2 protein chains.
Amino acid sequence: MTVSRVVSGDGYVSEETREKVLKAVKELNYRRNGLARSLKRQFTETVGLVLGDISNPYSTELARAVRETLLEQGFNLFICISESGAKEDVIAFESLANHSVDGIIVATRSNEAGDRYLSDLVDTNVPVVAIGRDLTHKNIDFVSPDNLKGGFDATQHLIDLGHKRIAFIGANLRSGSNLKRLQGYIDALEQHDIPVDERLITGRSEGIADEVGYSTEEIGFEGMKRLLSLPDPPTAVFARNDFTAIGAMRAISEAGLKIPNDIAIVGFDDIPLAARMSPSLTTVRQPMRAEGQIAAEMLLERITGKANISRRERILDCELIVRESSGHRRQ
Amino acid sequence: MTVSRVVSGDGYVSEETREKVLKAVKELNYRRNGLARSLKRQFTETVGLVLGDISNPYSTELARAVRETLLEQGFNLFICISESGAKEDVIAFESLANHSVDGIIVATRSNEAGDRYLSDLVDTNVPVVAIGRDLTHKNIDFVSPDNLKGGFDATQHLIDLGHKRIAFIGANLRSGSNLKRLQGYIDALEQHDIPVDERLITGRSEGIADEVGYSTEEIGFEGMKRLLSLPDPPTAVFARNDFTAIGAMRAISEAGLKIPNDIAIVGFDDIPLAARMSPSLTTVRQPMRAEGQIAAEMLLERITGKANISRRERILDCELIVRESSGHRRQ
DNA sequence: TTGTAGGCGTTATCAA
DNA sequence: TTGATAACGCCTACAA
């Protein structure tokens, strides 16, 4: 017990005993067992963050913002990777739960088994915040960029430039955020009485196994190739994210066409690479740092707050960043 | 006790009781406490990975390889970020130690307090493997790319192309891996009787606070600007990594000079962006995935192995990837 | 097939 | 100022 007082640094211990204890600690290489400590105290001051595509600068910026916010409050962050769907999601949640983290932030795509596990977790009073994962539970907070408006703005921008045949690359019906971007695209077309042509909406390519890391670029590449082989190819393209846009740009170049003269293109996210492409990529900037910070703050409120908070939702504005790849107004 | 048997799924339980237990588990939202379990069992089947610059694709590829290797053996991975030196290193190590991970892989730059903490950890029998962190301890394994030979090859390549005034950008005396690259550069020059000109070796710029994220690019930009202002500027540059090289390329372009005609440039790492730059970047490819995999394997051997293993070292070959930025042989 | 006892290493509480 | 006791929730070993 006296040792505990010395090591924890609180409670009355005489200077003499304190020194004796510290000496013994050194000699015996004693280290206080955190598991036992947490077991007794019932909290760990640790938060888990589950990330999907860790290769995407979007994820890493998010993680940095989350971590900074937590650190200010003395909380530690453990990041878990879950790259390929439900099974890995569950492994990640389970391992965080087994370590009794005080709360979890999820930034992977929604899936049934994962959602179920999360609900169970919340029911055992583990605070959870979701970033961009459509998951409606009365006690799970939700943070997301405004994908609907972002998709709308991107498409509107292309329409304003005089385009009528505008394609969407990388539709994924299983991803809510993606679906919102697609919906924004459709809304913009309809608002300008441009018919929605399903052949101009490409989804996930058959041959591509995962949608992780730079493989999303392949989706853009393959999708664009298919669009270019249409009898009446598009004059503009809105890609579901910057990596996909970059893949599409490669396909356009390889076909001997020019951006933006032959085909204009807009992405989503504004990863650092977007500004450096040549031509530089017009894109919808997502407030990654704000998303991370707000999610962390919400989680901390749930962790430290006494009261049971019910579901809150924060949809954050995106900003259209016009660069070279969308070009000037067509005649 | 019967509950434990049901939940763990081993030991004899009658079908009838099992069902009753499972029903109660559901109703009460019971979840087995992992802390208590680990406290009793004395292991967690979890490994910690401490990463410095998470924005660098090098780190994320490493993490993915580590994770895949661990997962095969049923181990989970927790990633901690330590962006700015000793203090954060210690926080990360401490928090992993408090959660009783079974082992730690460190991939941050060496620093005194961090090294000391790691040594203490090892002395309490926590297995540790270091990636690229120069840290000599009799029980800490070491994995690293061959920075010396990589630096030599890069410089040799530029010499072979006919260059005599070759600069090094981004020297950092506190980073061992960086120092090795610099040493390789010097070795190559000396072997060809080219005098080493200290003015051609730029270090860290004053104004730049951190060396994290895309800030390393600033180092390249600032360093190159200084080199260009010399009375007798270099005709070729070897940058300490790809981000630094990319920053240097930007400075060269802004000065109205052409790569590789006016100045040739070589980087280090071969991040995905290197191949896409225009001109594409000649660089020394680092075997990121192999580094991660080998580090994870070594750690698992220490964790599961009964015997005390003494320090092992694995230096992995790098490969010079010649692209456009180094150009053709000069006349 | 089920249940009891003891201990993993802490800390809260109370006693000395 | 220090120490004894109990409890955090689980699992091993043994008893019923």
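Because the structure is a prediction, the values reported are computed rather than measured. Every chain is numbered from 1, with letters handed out A, B, ... down the list of sequences.
Scanning for side-chain contact (heavy atoms from CB on, under 4.5 Å) contacts around A:Q293 gives A:T69, A:E297, with sequence neighbours left out. Applying the side-chain contact (heavy atoms from CB on, under 4.5 Å) test to B:T46 and every residue at least two apart in sequence or in another chain returns A:H99, B:T44, B:N76, B:F78, B:V101. B:A92 is linked by a side-chain contact (heavy atoms from CB on, under 4.5 Å) to B:V50, B:C80, counting only residues two or more places apart in sequence or in another chain. Remark: A:N139 pairs with A:V122, A:H137, A:R302 by the side-chain contact (heavy atoms from CB on, under 4.5 Å) rule, at least two apart or across chains.
Between B:R37 atom CZ and D:dC8 atom C1' there is a gap of 17 Å when expressed in whole angstrom units. The CD atom of A:E15 sits 11 Å away from the P atom of D:dT1 (whole-angstrom rounding). Rounded to a whole Å, the CG atom of B:L35 is 10 Å from the P atom of D:dC10. Protein atom CZ of A:R5 is 11 Å distant from nucleotide atom P of D:dT1, rounded to whole Å. Regarding A:M1, its CE atom lies at a distance of 9 Å from the C1' atom of C:dT13, rounded to whole Å. One can place CZ of B:R18 at 14 Å from P of C:dG3, the figure rounded to the nearest angstrom.
DNA chain C is contacted by B:K40, B:Q42 of residues 40-48 of chain B, taking any non-hydrogen atom closer than 4.0 Å. Near-neighbour residues of DNA chain D inside residues 22-34 of chain B, defined by a heavy atom below 4.0 Å, number-ordered: B:Y30, B:R31, B:R32, B:N33. Residues of residues 7-14 of chain A having a heavy atom closer than 4.0 Å to DNA chain D, listed by number: A:Y12, A:V13, A:S14.
If you take CD1 on A:I131 and OG on A:S177, they are separated by 12.0 Å, rounding to the nearest 0.5 Å.
The salt bridge (Lys or Arg N to Asp or Glu O under 4.0 Å) pairs that include a residue from residues 28-42 of chain B number zero, where partners must be two or more places apart or lie in different chains. Screening residues 22-70 of chain A for ring pair (Phe, Tyr, Trp, His ring centres under 6.0 Å), with sequence neighbours left out, gives no hits. The salt bridge (Lys or Arg N to Asp or Glu O under 4.0 Å) pairs that include a residue from residues 70-82 of chain B number zero, where partners must be two or more places apart or lie in different chains. Under the salt bridge (Lys or Arg N to Asp or Glu O under 4.0 Å) criterion, the residue pairs touching residues 110-133 of chain A are A:D89-A:R133, A:E112-A:R116, A:D115-A:R133, with sequence neighbours excluded.
In the set C:dT13, C:dG3, C:dG9, the nucleotide with an atom closest to the side chain of B:T2 is C:dG3.
At C:dT11, one or more side-chain N or O atoms of A:S4 fall inside 4.0 Å of OP1 or OP2 (strictly under the cut-off).
Between the side chain of B:R67 and the main chain of A:I81, a donor-acceptor pair closer than 3.5 Å is present.
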Show which side-chain atoms of residues 15-24 of chain A pair as donor or acceptor with protein atoms under 3.5 Å away, not counting sequence neighbours.
from  : atom 1 : to    : atom 2 : distance (Å)
A:T17 : OG1    : A:S14 : OG     : 2.2

